[in-house]
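Every number for a ligand or one of its atoms is a count from 1 in the order of the listing. The structure presented is a predicted model; accordingly, all values stated were derived computationally and were not measured.
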Amino acid sequence: MEKTAGPFQLPPLPWAENALEPVISAKTISFHHGKHHAAYVKKTNELVAGTRYESMPLDRIVAETAGHPDSLKLFNQAAQAWNHAFFWNCLRPGGGKPSGEIARRIEAELGGPDKFRESFVKAAVECFGSGWAWLAERGGKLEILAMPNAGTPIALGATPLMTIDVWEHAYYLDYQNERPKFVQAVFDKLLNWDFAADQLQKSQSRKAA
Ligand code: FE
């Protein structure tokens, strides 16, 4: 992979480009990671050059620029760079189901697996325009969030646990306008609940520390 000038690099995918077929094609992943995600990383590098953000971790840049109109350009690029790296880790060939603590929390706080699926898919499908559907933990509670554009739970001080990218670039080559089909297929066949469980556990150990 081509090295980028600046502090941030495009992280490699956690699986081969064709590993998510037939749910997401190698062609989609190739454009989504190699062009879209790469461009967010490159533009973040350009925008932080010579600023106090240059030596900050990406998630801190996102948290610090969120909600400030004068740093919106950097927020958009940095949040998109961060969100995409997170998104790739939310996917894996074969997917899976929540288990353990995160499954118990979904049962207790979000009405159980079927209700959770219905609410998450609805949030993703109804997110108007470009955006992201998230499962996050905020103030000790699980929450489903539909966030437009580069929206990310980090901007709210919440902990991201799971996400689906619903920008058209995520599905148009494979599903054209049929976002519901894409979201349902990803939810049922690709979500990596071990990764989400790790995020929840890390957030709990941070709070305990
Ligand atoms: Fe995307």
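Shown are the protein N/O/S atoms under 2.8 Å from the Fe ion (ligand 1), given by residue and atom: H32 NE2, H84 NE2, D165 OD2, H169 NE2.
Ring pair H32/F87 is tilted by interplanar angle, where 30° to 60° counts as tilted.
Counting heavy-atom neighbours within 6.0 Å of E101 CD, excluding the residue itself, gives a total above 12.
Side-chain atoms of W82 and Q77 include no donor-acceptor pair closer than 3.5 Å. Between S25 and D174, the side chains place a donor N or O and an acceptor N or O closer than 3.5 Å (distance only, hydrogens not considered).
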| said: Before you tell me yes or no, could you show the steps for F75 and H68 under ring pair (Phe, Tyr, Trp, His ring centres under 6.0 Å), namely the whole-Å CA-CA distance, both residues' side-chain angles and the distance that decides it to 0.1 Å? | reply: CA-CA 9 Å; F75 170 80; H68 299 285; 9.8 Å; no
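Taking all atoms of both residues into account, the shortest heavy-atom contact from L135 to W193 is CD2-CZ3, 3.9 Å.
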